[in-house]
Number of protein chains: 2
Amino acid sequence: MEKFIHVLKRTKLFAGVGEEDITAMLSCLGARLCTYKKGEYVLRQGERLDDILLLAEGSLHIQRDDYWGNRSILGHIEVGEIFGEAYVAPESGTLLNDVVALTDCSVFFFDVKRIITTCSSACRFHTMVVQNLFFAISERNRGLVQKLGYMSRRTTREKLIAYLSEEAKRQNSAYITIPFNRQQLADYLSVDRSAMSNELSKMRDDGLLEFEKNCFRLR
Amino acid sequence: MEKFIHVLKRTKLFAGVGEEDITAMLSCLGARLCTYKKGEYVLRQGERLDDILLLAEGSLHIQRDDYWGNRSILGHIEVGEIFGEAYVAPESGTLLNDVVALTDCSVFFFDVKRIITTCSSACRFHTMVVQNLFFAISERNRGLVQKLGYMSRRTTREKLIAYLSEEAKRQNSAYITIPFNRQQLADYLSVDRSAMSNELSKMRDDGLLEFEKNCFRLR
DNA sequence: CCCTTTCCGTTGTAAATACAACTGAATTGT
DNA sequence: ACAATTCAGTTGTATTTACAACGGAAAGGG
């Protein structure tokens, strides 16, 4: 676990907490570290979850496959991000999505009860972590609202524009790199891959954007 | 404000807190109460927000209209629910949606900073409220994931089935009442109203469901 | 280096949707 | 009670999408 202290230090969850204090808190928070190979499932739809997870290494997709094999990608998780936070409330039921390792991964599991039950004096930064977690969930919440914004568009072109322009704003540049290949982007926006590819070509012909692989340039 | 103490008592935010304690906490949390007439905007897209809001009376829609007048309804808020929780983190930017009063409303505003900065001894239930808020945001989060589940369906029929069957599960009955009229349901699911009306008729012909106004019966 | 697999753009066709227009029923306001 | 407005279902047409199939390029594995 010590290997990842420097990673934890830069996460939103541990913002403002020093390395020594993080080390102390790991046991206080009941942290466990698990590793997964590329392609393995970190969590499966239908399971129960009593932990908040934090990705220490690698990258993940939160996704769901329906009976007919249609995949829907809810989101992409990178190093330092938390996930599973939607299921911490009592009676929150079972997971609605799978979480799959895109590359080899290391994942911290934190016992939720031990986080939100502040242990008063023992670790002085506990309160700060609770606030950080609060903000992190709130932010994720806003991210979901934003994704709902893309999804509520009626046409593939509108969805693409909504997503790419939001991404450009976030990355603060007209050149953007996205964490999806074509199939994944299609699954993320819930559209057909070939239709999307087609639409991207039309948009390029219309002078709206340029692209190569997963790099886009908006105009 | 005292008028609504009995409402607050039954909210998730104040779960486990007695009436007298709630009264004491209202000032501790910097609570303000505002009223709105039917059709008025409680919040507007683009505004900034430093409070968490709780609906004490009436009902609300969280929605957004685009340049062409297409309305997208993100959610429906009923008495006792909180909203605005997605914008409490520092640097969360401006509101992505409007919040509109469907009926005359009363809304509590709570200063976020004063909630999450626990005032130790002063009010003994403060920690519990922080935990409740934590759970409430987490639950909202899960609700958004669920809505993304409906939205990721490709056809109007699939969206309707996903929404209605989830609602049936939630209301624990095959007879369900939804908080939308046809236009609102279409805006909620991001589909065309007339196409949806058409699809509903076909689904009735196929024996999947019956309906009258905003009451549905699934088979 | 070769073979296999994945990735991505293209095309054609069937299906689904958006949009506009119209109807009658229900609701609201005066 | 009447007029005005909202609401819901229906229809037709133009647009858009889903699906399947294909081929070439690129990437990955031995």
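Each chain gets a letter, A, B and so on, in the order its sequence line appears, and its residues count up from 1.
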Does either side chain, that of B:S152 or that of A:R64, offer a donor lying less than 3.5 Å from an acceptor on the other one? yes

Length of the line joining A:R193:CZ and C:dT6:C1', which is rounded to integer Å: 11 Å

Does the plane of the ring in B:F4 sit parallel, tilted or perpendicular to the ring in B:F108? Use 30° and 60° as the thresholds. perpendicular

Take B:K38 and B:A195, find for each the nucleotide of DNA chain C with the closest heavy atom, and name the residue whose nucleotide sits nearer the 5' end. B:A195

For a 4.5 angstrom cut-off between non-hydrogen side-chain atoms, does B:L208 reach B:R157? yes

Can you give me every donor-acceptor pair (side chain of residues 75-86 of chain A, partner residue at least two apart or in another chain, under 3.5 Å) with its distance?
| unit_1 | atom_1 | unit_2 | atom_2 | d |
| --- | --- | --- | --- | --- |
| A:H76 | ND1 | A:H61 | NE2 | 3.3 |
| A:H76 | NE2 | A:E78 | OE2 | 3.3 |
| A:E81 | OE2 | A:E78 | N | 2.8 |
| A:E85 | OE1 | A:R140 | NH1 | 3.4 |
| A:E85 | OE2 | A:R140 | NH1 | 3.1 |
| A:E85 | OE2 | B:N141 | ND2 | 3.3 |

Among the nucleotides C:dT10, D:dT10, C:dA18, which one has an atom lying closest to any side-chain atom of A:S197? C:dT10

Sorted by number, residues from residues 199-217 of chain B placing a heavy atom under 4.0 Å from DNA chain D are B:S201, B:F211

What nucleotide among C:dA21, C:dT10, D:dC7 has an atom nearest to a side-chain atom of B:N181? D:dC7

Between B:D98 and B:V100 (side chain of the first, backbone of the second, donor and acceptor by atom type, cut-off under 3.5 Å), is there such a pair? no

Testing D:dC19, D:dT17, C:dT17 for proximity to the side chain of A:D192, the answer is D:dC19

Suppose we call two aromatic rings close when their centres sit under 6.0 Å apart. Are B:Y175 and B:F216 close by that rule? no

